[in-house]
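In what follows, chains carry the letters A, B, and so on, assigned in the order in which the sequence lines appear, proteins first and then strands, with residues in each chain numbered from 1. All values below come from the heavy atoms of this structure, side chains included, with hydrogens, waters and symmetry mates left out.
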Amino acid sequence: MKTFNQKCYNLLKKIPEGKVTTYKAIAKKLKSNAYRTVGNAMNKNPSPIKVPCHRVINSNGSLGGYSLGIKKKIKLLKKEGIEIKNRKIDLKRFGYFLSSFLV
DNA sequence: ATGTTGACCTAGA
DNA sequence: CTCTAGGCCAACA
């Protein structure tokens with residue numbers, strides 16, 4: 001039996017480069033409202049390499065946090081072609097879950 | 001079983 | 001914009 005965290009990681013791996021998702025969207029996909037638990041899972045992320053935790057942001061478009069430092073997160077996202085305006089990301093353009101993944 | 005801990009969300013002032 | 005307050009829920013001690 002996978003834990004809730006494991007499911008989060010599994011879902012996260014499906015996110016392509018240049019796209020982002022939100023904690024809320026992930027929780028919803030897991031048929032739960034455990035937004036916080038999703039964030040908790042990211043905090044305890046096993047390996048930021050296998051799991052693209054940096055592509056997960058807040059539902060309001062702000063960046064949220066990152067275990068390796070928020071600066072690193074910004075750098076990675078920009079590197080993948082995501083535009084960051086005033087510490088915010090345009091979910092309508094980069095929100096993967098909002099376009100096709102999320103039902 | 002109970003209490004604490006969060007990389008959260010929403011609403012109001 | 002900032003701050004407060006309530007709600008949400010799995011993992012962990």
Q: Give, for atom CD1 of Ile26(A) and atom CZ of Phe97(A), the distance between the pair rounded to the nearest 0.5 Å.
A: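 Here the rounded value is 5.0 Å.
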
**Q.** Ile82(A) side, atom CD1; Leu76(A) side, atom CG - distance, nearest 0.5 Å
**A.**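 The CD1 atom of Ile82(A) sits 10.0 Å away from the CG atom of Leu76(A).
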
Could you state the [atom1]-[atom2] distance from [X] to [N], rounded to the nearest angstrom?
X	N	atom1	atom2	value
Lys24(A)	dA11(B)	NZ	P	9 Å
Lys28(A)	dC9(B)	NZ	P	13 Å
Tyr66(A)	dG6(B)	OH	C1'	18 Å
Ile26(A)	dC8(B)	CD1	P	12 Å
Ile74(A)	dA7(B)	CD1	C1'	13 Å
Arg36(A)	dC9(B)	CZ	C1'	9 Å
Asn86(A)	dC1(C)	CG	P	7 Å
Asn43(A)	dC8(B)	CG	P	9 Å

Base, sugar-phosphate alone, or nothing: which one does [X] contact when heavy atoms must sit under 4.0 Å apart?
X	result
Asn5(A)	sugar-phosphate
Asn40(A)	base
Asn33(A)	sugar-phosphate
Phe4(A)	sugar-phosphate
Ser67(A)	base
Lys31(A)	nothing

Q) Pick one: which of Asp90(A), Ile57(A), Ile89(A) meets side-chain contact (heavy atoms from CB on, under 4.5 Å) with Ile84(A)? A)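 Among Asp90(A), Ile57(A), Ile89(A), the one meeting side-chain contact (heavy atoms from CB on, under 4.5 Å) with Ile84(A) is Ile89(A).
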
If only side-chain N and O atoms of [X] are considered, is one of them under 4.0 Å from the OP1 or OP2 phosphate oxygen of [N]?
X	N	result
Lys88(A)	dC1(C)	yes
Thr3(A)	dA11(C)	yes
Lys7(A)	dA10(C)	no
Ser62(A)	dC9(B)	no
Asn45(A)	dA7(B)	no
Ser32(A)	dC9(C)	no

Q. Between Asn45(A) and Ser67(A), do the side chains contain an N or O donor and an N or O acceptor separated by less than 3.5 Å?
A.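 Yes, a side-chain donor-acceptor pair sits under 3.5 Å.
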
Q) Quick one: which of dC8(B), dC9(C), dA7(B) gets closest to the side chain of Tyr35(A)? A)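 So the nucleotide nearest the side chain must be dC8(B).
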
Q) For Asn60(A) and Ser62(A), which heavy atoms make the closest approach, and how far apart are they? A)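 Between these two residues, the closest heavy atoms are OD1-OG, 2.8 Å.
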
(Q) Check this for me: does the side-chain of Tyr23(A) come within 3.5 Å of the base of dA7(B) through a donor and an acceptor? (A)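 Side chain to base: pair present.
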
Q: Check Lys79(A), Glu80(A), Lys73(A) against His54(A) for a side-chain hydrogen bond (donor to acceptor under 3.5 Å, both in side chains) and give me the one that passes.
A: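 For His54(A), the side-chain hydrogen bond (donor to acceptor under 3.5 Å, both in side chains) test succeeds with only one of Lys79(A), Glu80(A), Lys73(A), which is Glu80(A).
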
Q.
Heavy-atom nearest nucleotide on DNA chain B for Thr37(A) versus Ile57(A): which residue maps closer to 5'?
A.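 The residue mapped nearer the 5' terminus is Thr37(A).
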
